[in-house]
Structure formats: structure tokens, C-alpha cells
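Have a look at the structure below, then the notes.
As the structure is a computational prediction, the values presented were derived from the model and not from experiment. We number each residue from 1, following the sequence as shown. In listed order, ligands and their atoms are each counted from 1. Atoms considered below: every heavy atom in the structure, side chains included; atoms not considered: hydrogens, waters and symmetry mates.
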Amino acid sequence: MATWGYEGELGAANWGKLCPEYAIADEGKAQSPIDLPGEAKETTAESASSDPTAEQAAKAEPAKLELKSGKASIINNGLTVMVNAKGASEFKVQGRVYELAQFHFHSPAEHTFGGQRHELELHLVHFAKDGQGPGPAAAVVGIHYKLGETADPFLKRVFEHVPSLTKNEETPLAEPIAFDDIDIAGEFFEYDGSLTTPPCSEGIHWCVMKKVLTLSKEQLEVFRTAIPVDNYRPVQPLNGRSIAVIQC
Ligand code: SG7
Ligand code: ZN
């Protein structure tokens with residue numbers, strides 16, 4: 001596998017050519033991120049999705065995030081800040097249980113809302129507990145943050161470790177990671193996409209929270225000091241995929 005990055009020769013425009021394993025970045029028809037419906041448009045299930053089966057499935061069975069807490073470690077790998085927290089939370093969607101593996105951040109955000117790019121996007125990466133069952137084997141929950149007056153309590157607890165991290169050195173956290181102060185509720189955009197980094201593998205079930213949370217300028221600065229590069233992939237063509245709105 002080739003090394004990749006966000007700038008110049010190694011940047012997103014060239015990922016598909018860096019090595020054969022990354023070819024899906026150019027050839028795939030279900031890539032992420034994408035532009036999601038924005039505030040201006042009506043974002044009901046009816047208008048956000050043109051696929052009646054997706055709407056029915058969403059209405060019949062809401063998704064559920066079970067936020068537990070668990071042991072974790074944190075690493076700055078130069079491309080993002082990632083917290084490994086296997087099993088620290090569970091995500092139930094479409095009759096399948098997904099277990100959290102890790103979460104990490106992109107700044108600015110990867111998905112856009114009606115063309116608008118927020119300052120930060122949190123990705124909670126989950127894998128199906130039953131391994132090789134039908135449907136997508138991975139589910140990523142995306143949470144967006146924009147600049148606001150108040151600091152975010154979840155980010156506060158994660159980002160306080162960031163300034164002292166040495167690049168590529170995984171550091172165990174003394175406290176178990178808890179998610180109860182993330183205000184996860186309401187509607188989520190749901191669609192089938194890919195990893196947003198090489199190898200850009202498809203078969204990823206994306207659920208992006210519609211509600212945008214806020215973080216303070218100081219919090220954003222802590223992250224951007226650790227990861228100065230804009231670590232987002234540009235939005236990819238929808239290619240006829242439907243975007244459903246589900247309740248969480
Ligand atoms: C970040 O985004 C890392 C990757 C992650 C990738 O580069 O968090 O994770 C590891 C373990 O390096 O890749 C397979 C995976 O989780 C893509 O994840 S994303 O699509 O949610 N942005
Ligand atoms: Zn990500």
C-alpha cells in the first residue's frame with residue numbers, strides 16, 4: 001500500500017493512481033463523502049430520498065446508538081487524531097449490531113450540508129458484530145461541529161490530551177471514554193458509501209447526524225495545531241444513490 005496524504009502528489013485527486021489497491025477511489029460509484037441536503041431545503045424523508053424502500057425501512061426501524069464507556073487510547077498519526085476504543089459503544093441500525101472500533105476527526109468537515117462545510121466532523125467507526133452477515137460490514141456515524149460560543153463537553157475531554165501527544169505514539173487514557181455528553185438524538189442522514197481515506201473501500205453504512213453541535217475557537221485551535229493540514233476528501237458524485245432520513 002502506498003502512503004497517501006491530503007496535499008500535492010499524495011493528495012485526494014491522485015489517491016486512485018497511487019497503487020492498484022486504491023483504484024476504487026477513481027472507479028467506485030459509491031464513494032464518500034457526499035453533499036447532504038442543507039437547512040434551506042426541506043429535509044424530510046420524502047424530499048431527501050427518492051427511494052421508497054429506503055424510506056419504509058427507516059420508518060419501520062429507527063437506528064439506536066448505545067453509548068457505553070470503555071478503555072481507550074489516543075494517537076496523533078499526522079493525518080488525524082484517533083481514539084481507539086474497541087467495544088466502547090454499539091450502534092444498531094437495520095437489524096444489525098455494530099461495535100465501535102475507534103473514532104477520529106476531520107477539519108474542516110468531509111460531508112457538506114447543502115454545499116456548506118462545517119469546521120469539524122467526528123467519525124465513530126463501527127464494525128458488524130456478526131462478522132460476515134448480509135449488508136454493510138462497517139458503519140460510520142458522523143457528527144458535525146461549527147464554531148459557537150460554548151465549548152463542547154465531549155471534545156473537551158478528548159482534546160485535553162491532544163497538545164501533549166507525540167506523533168505516532170499511542171497513549172493510553174487513564175479514564176474510560178464515555179459518550180453520554182455527546183448530544184446524539186434526532187434525525188440522521190443515511191446512505192451507502194465508502195471510507196473517505198485510502199483504500200476508499202465501499203460497503204460502508206454512513207449515518208450523519210443532521211443536528212450540528214458547536215465547539216469553541218480554542219477547541220478548534222487545539223485540533224488544528226495538532227493536525228494543521230485540511231484532512232478532508234472533497235465530496236464525491238452521488239451516482240443515483242438515495243439518502244434516507246432516519247431517527248436515532
Ligand atoms: C482515518 O480515517 C483513520 C483510519 C480510518 C480512515 O485515516 O481513522 O483508521 C485507522 C485504523 O487508521 O480507516 C478503516 C478505517 O477506519 C477512514 O475512516 S473514515 O471513512 O471514517 N474517514
Ligand atoms: Zn473519517
Short N-O contact, [X] and [Y], less than 4.0 angstrom:
{"X": "Arg157", "Y": "Asp181", "result": "yes"}
{"X": "Asp183", "Y": "Lys211", "result": "yes"}
{"X": "Arg224", "Y": "Asp230", "result": "yes"}

Q. Side chains of Phe154 and Phe103: closer than 4.5 Å at any heavy-atom pair?
A.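 The answer is yes; the side chains approach within 4.5 Å.
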
Q) Taking distance alone, with no angle check, do Ser194 and ligand 1 share an N/O pair under 3.5 Å? A)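 Such a contact does not occur with ligand 1.
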
Q. Should the ring pair Tyr98 and Phe91 be called parallel, tilted or perpendicular, given that the plane angle runs from 0 to 90° and is split at 30 and 60?
A.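 Answer is tilted, since the angle falls between 30° and 60°.
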
Q. Shortest non-hydrogen contact from Leu165 to Ile74?
A.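 Residues Leu165 and Ile74, closest heavy atoms: CD2-CG2, 3.7 Å.
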
Q) Any heavy atom of Leu79 sitting closer than 4.0 Å to ligand 1? A)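 Judged by the 4.0 Å heavy-atom criterion, Leu79 does not count as contacting ligand 1.
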
Q. Could a heavy atom of Trp206 be found less than 4.0 Å from some atom of ligand 1?
A.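 A heavy atom of Trp206 does come that close to ligand 1.
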
Closest approach of any protein heavy atom to [atom], naming residue and atom:
{"atom": "atom 3 (C) of ligand 1", "value": "Met82 SD, 3.9 Å"}
{"atom": "atom 6 (C) of ligand 1", "value": "Thr197 OG1, 3.2 Å"}
{"atom": "atom 9 (O) of ligand 1", "value": "Gln102 NE2, 3.0 Å"}
{"atom": "atom 22 (N) of ligand 1", "value": "Thr196 OG1, 2.7 Å"}
{"atom": "atom 21 (O) of ligand 1", "value": "His104 CE1, 3.3 Å"}

Q. When Phe223 is tested against each of Val162, Asn76, Leu215, Asn231 for side chain to side chain contact (heavy atoms under 4.5 Å, CB included), which residue passes?
A.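 For Phe223, the side chain to side chain contact (heavy atoms under 4.5 Å, CB included) test succeeds with only one of Val162, Asn76, Leu215, Asn231, which is Asn231.
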
Q. Does Leu195 approach ligand 1 within less than 4.0 angstrom via side chain, backbone, both or neither, non-hydrogen atoms only?
A.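 Both the backbone and the side chain of Leu195 come within reach of ligand 1.
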
Q) Closest to the Zn ion (ligand 2), which N/O/S atom of His123 is it? A)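 Relative to the Zn ion (ligand 2), the closest nitrogen, oxygen or sulfur of His123 carries the name ND1.
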
